[in-house]
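Here it is, the structure in full.
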Amino acid sequence: MQTPTYAHTYLAAGLRLPTNWLDYTILAIYFVVVLGIGFAARRSVKTSLDFFLSGRSLPAWITGLAFISANLAATEILGMAANSAQYGAYTVHWYWIGAIPAMVFLGLVMMPFYYGSKVRSVPEFLLLRFDRAAHLLSSILFAFAAILIAGVNLYALAIVVEALLGWPQWVAIVVAGAFVLAYITLGGLSSAIYNEVLQFFVILAALIPITILGLKKVGGWGGLTDKLTATHGHNFTSAWGGTGIGSANPLGANWLTIVLGLGFVLSFGYWTTNFAEVQRALSAKNLSAGRRTPLIAAYPKIFIVFLVMIPGLVAAAVVPHFGSAGSGYQYNDAIPYLMQELLPNGVLGIAVTGLLAAFMAGMAANVSSFNTVFTNDIWAKYVMPGREDAYYVRFGRLITAIGVAASVGTAFLASSFSNIMSYLQTLFSFFNVPMFVVFIVGMFWKRASAKAGFWGLLAGTVTAMVNYFVLYKKGIISIPSDQGANFVSAIAGFVAGAVVMVAVSLFTRPKPATELQGLVYGTRSPGMAEAPAPGDEAWYRKPALLGWGAVVLAAACYIPFSF
């Protein structure tokens, strides 16, 4: 099932919401609180570590909620609801296969390397493990990707606000960008994280009424599945139906590409090397809290899928041929359509605020990670090294403003995709997957040489792009959907990066063993051997138990969707 080529990211013109003074009052209160948090956090910013990593002082429950909230952006709200309206129950794979295992792996295996090495960013780890070439290339690629993804959130926010509230797009872009810029430049990462915790609860308050009222409209879960089975076939409400190799299904992918492309390559590439997420864990107060951060986030991640999948399924059930030209709607309209149809004033204001919070959280996560990488990994390392600490705080605030302005410029690149999730997954296959293969080979193979990092990263990125833009887009290879093409691009990039790293390592000299302490699995640094803090002995503070519990719970959730 190919993504429709006629569609674009503008929402349907008939989706104007009947908002009144009560809804706007709720929205205004939210913006006042957001700025208040920024001003409050400003008092804690005294050093560059405070500005970029909250002084490594935050408790695990704060960083855990911020970790998941940073992901609750266009990807989750419009993107996953659009995914469900287009592909059906296959959306659960993005959560229970495409998130939970990787989040657990990050907490149990990778955080000791990140936190123990005391790096300030993901690219800085590559500087320690490989060389300056790998570090600079990864920094540039990440900074570029962060601005592109921030632009997706800003553009999605603008089109939603224009369609739902009638604000001109430029007004929505300027207002949202200005608020994100204000609270990040004021309070740095602390301001972003505390706002993300607030935004997490606002987003839930927006999605829960839409989900409950949507199910009520179609006669509960049984009524929903009966309607969709009659109109879309049995596989539309099954997670694994029709995924045999050679079989047809709405997603256009088989079980092998789902497990390898999404479940391993794309998922691990995103959750373990995307600094917009890892930065939250690095701001935790100690290694134990840093390891628990993604594990705490994994539990709400298991259940959030229902809040974004069900609205998409409901839209597909109640509107004939939802997403096609004849329906008057496209897949991205699923959540706004239900807001218009189901929510009364007051609740409608909460829902609009929740959407704005989601887009702002996603944009803020990428902008705050961008300013950290650009300042510490590019500017301080290669352009203006050795300056006083206050200089880098000032520059961090300046580059935040530049990053927000650049996000406005890149926002319109998303306009060629009717399904925002497809666009984001394409970016992840280009930028996150190659970085992941470099990390995974470097962490588990001592023989990987310093030069292998640069060439593996370059080969993986180029291969993924060639597969998507040349082989797929020009019809040289036949793949049923954009999402299927993303899975194949991710696998191709991973394999190419790994092969090139092995080949280069065999012909170049490895780094001395003394330089690999705490950077390769099986070696330890003093930070990795940190003793648990008093009170950390409780079972719910033990990362291994938390991690395996999340995996078992996610696996159990598959049972109702497997038949």
Side-chain angles (χ1 to χ4, degrees), residues 47-58 63 67 70 105-143 145-146 188-189 193 269-294 365 368-382 385-386 389 392-393 396 431-432 435-436 438-444 448 450 453-454 457 511 514-521 523-530:
T47 68
S48 61
L49 186 65
D50 295 332
F51 186 78
F52 295 116
L53 283 181
S54 301
R56 295 186 189 270
S57 63
L58 301 180
T63 55
F67 188 98
F105 184 82
L106 172 64
L108 298 185
V109 178
M110 296 188 71
M111 278 313 301
F113 293 94
Y114 283 141
Y115 204 100
S117 61
K118 299 301 180 185
V119 296
R120 292 193 177 195
S121 69
V122 167
E124 189 177 355
F125 185 88
L126 294 185
L127 176 63
L128 300 180
R129 176 60 184 88
F130 295 103
D131 60 9
R132 290 167 65 89
H135 172 249
L136 181 58
L137 178 60
S138 64
S139 300
I140 293 172
L141 289 176
F142 176 80
L189 183 63
I193 285 178
Y270 175 80
W271 290 103
T272 65
T273 65
N274 181 23
F275 186 49
E277 302 291 339
V278 176
Q279 187 180 26
R280 275 74 195 145
L282 287 177
S283 67
K285 63 182 179 180
N286 54 39
L287 174 57
S288 177
R291 296 184 72 190
R292 294 199 307 272
T293 293
S368 61
S369 59
F370 164 78
N371 69 24
T372 301
V373 168
F374 197 95
T375 302
N376 293 325
D377 294 284
I378 298 176
W379 196 260
K381 288 285 195 306
Y382 302 102
D389 191 70
Y392 295 117
V393 175
F431 299 112
N432 292 102
M435 192 175 295
F436 171 64
V438 172
F439 266 85
I440 208 69
V441 172
M443 277 186 174
F444 289 93
F454 172 82
L457 184 58
K511 297 187 77 168
T514 54
E515 296 181 17
L516 299 179
Q517 293 299 311
L519 303 176
V520 178
Y521 196 77
T523 65
R524 286 191 173 273
S525 67
M528 293 172 65
E530 173 190 292

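Because the structure is a prediction, the values reported are computed rather than measured. These values consider heavy atoms only, across backbone and side chains, with no hydrogens, waters or symmetry-generated copies.
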Quiz item: Going by heavy atoms in the side chains, are Ser121 and Asn376 under 4.5 Å from each other?
Solution: no
Quiz item: Which pairs pass side-chain hydrogen bond (donor to acceptor under 3.5 Å, both in side chains) with one or both residues in residues 126-137, sequence neighbours excluded?
Solution: His135-Asp377, His135-Tyr382
Practice problem: Say whether, by atom type as modelled, one donor and one acceptor occur between the side chain of Tyr115 and the main chain of Asn286 under 3.5 angstrom. | Solution: yes
Self-check item: Check: Phe436 ring centroid to Trp271 ring centroid under 6.0 Å
Solution: no
Exercise. Kindly compute the distance separating CE (Met443) from CG (Leu516), expressed to the nearest 0.5 Å.
Key: 12.5 Å
Exercise. Give the minimum heavy-atom separation between Ser117 and Leu519, together with the two atoms involved.
Key: CB-CD2, 4.1 Å
Quiz prompt | Parallel, tilted or perpendicular, as decided by the 30° and 60° cut-offs, for the rings of Phe142 and Phe275 | solution = perpendicular
Practice problem: Could you tell me whether Phe444 atom CZ has more than 12 heavy atoms of other residues or ligands within 6.0 Å of it? | Solution: yes
Practice problem: Output all residues satisfying side-chain contact (heavy atoms from CB on, under 4.5 Å) with Thr47, sequence neighbours left out; order by chain, then residue number. | Solution: Leu49, Asp50, Asp389
Self-check item: Residues that Phe105 engages under ring pair (Phe, Tyr, Trp, His ring centres under 6.0 Å), provided they are two or more places apart
Solution: Phe268
Self-check item: ring pair (Phe, Tyr, Trp, His ring centres under 6.0 Å) partners of Phe51, counting only residues at least two apart
Solution: none
Self-check item: Non-neighbouring partners of Ala70 that pass side-chain contact (heavy atoms from CB on, under 4.5 Å), sequence neighbours left out
Solution: Glu196, Glu277, Arg280, Ala365
Quiz item: Excluding sequence neighbours, so at least two apart, what forms side-chain hydrogen bond (donor to acceptor under 3.5 Å, both in side chains) with Ser54?
Solution: Ser190
Quiz item: Measuring from Lys381:NZ to Thr375:OG1, what's the distance to the nearest 0.5 Å?
Solution: 11.0 Å
Exercise. List in chain and number order the residues that pass side-chain hydrogen bond (donor to acceptor under 3.5 Å, both in side chains) with Ser138, two or more places apart in sequence or in another chain; answer none if no residue qualifies.
Key: none
Quiz item: What pair of heavy atoms forms the shortest contact from Thr63 to Thr293, and how long is it?
Solution: OG1-OG1, 2.7 Å
Quiz item: Shortest non-hydrogen contact from Tyr392 to Phe52?
Solution: O-CZ, 3.7 Å
Quiz prompt | CG on Leu282 to CG on Leu53, rounded to 0.5 Å | solution = 6.0 Å
Self-check item: Residues which pass side-chain contact (heavy atoms from CB on, under 4.5 Å) with Leu137, listed by chain and number, not counting sequence neighbours
Solution: Leu141, Phe454, Leu457, Leu458
Quiz item: With sequence neighbours excluded, what pairs up with Ser139 under the side-chain hydrogen bond (donor to acceptor under 3.5 Å, both in side chains) test?
Solution: none
Quiz item: Taking all non-hydrogen atoms of both residues, which atom of Ala146 and which atom of Phe370 are closest, and how far apart?
Solution: CB-CB, 4.0 Å
Self-check item: Atom pair CG (Leu128) and CD (Gln517), whose distance is rounded to the nearest 0.5 Å
Solution: 13.0 Å
Exercise. Please name the pair of heavy atoms, one in Gly453 and one in Ala134, separated by the smallest distance, quoted to 0.1 Å.
Key: C-CB, 3.8 Å
Quiz item: Ser283 and Leu189: which non-hydrogen atoms are nearest, and at how many Å?
Solution: CB-CD2, 3.9 Å
Quiz item: Could you state the interatomic distance from CD1 (Ile440) to OH (Tyr521), rounded to the nearest 0.5 Å?
Solution: 11.0 Å
Practice problem: Using side-chain hydrogen bond (donor to acceptor under 3.5 Å, both in side chains) as the criterion, list what pairs up with Arg120, not counting sequence neighbours. | Solution: Ser48
Under 3.5 Å, which donor-acceptor pairs do the side chains of residues 107-114 form with other protein atoms, sequence neighbours left out?
from   : atom 1 : to     : atom 2 : distance (Å)
Tyr114 : OH     : Thr272 : O      : 2.7

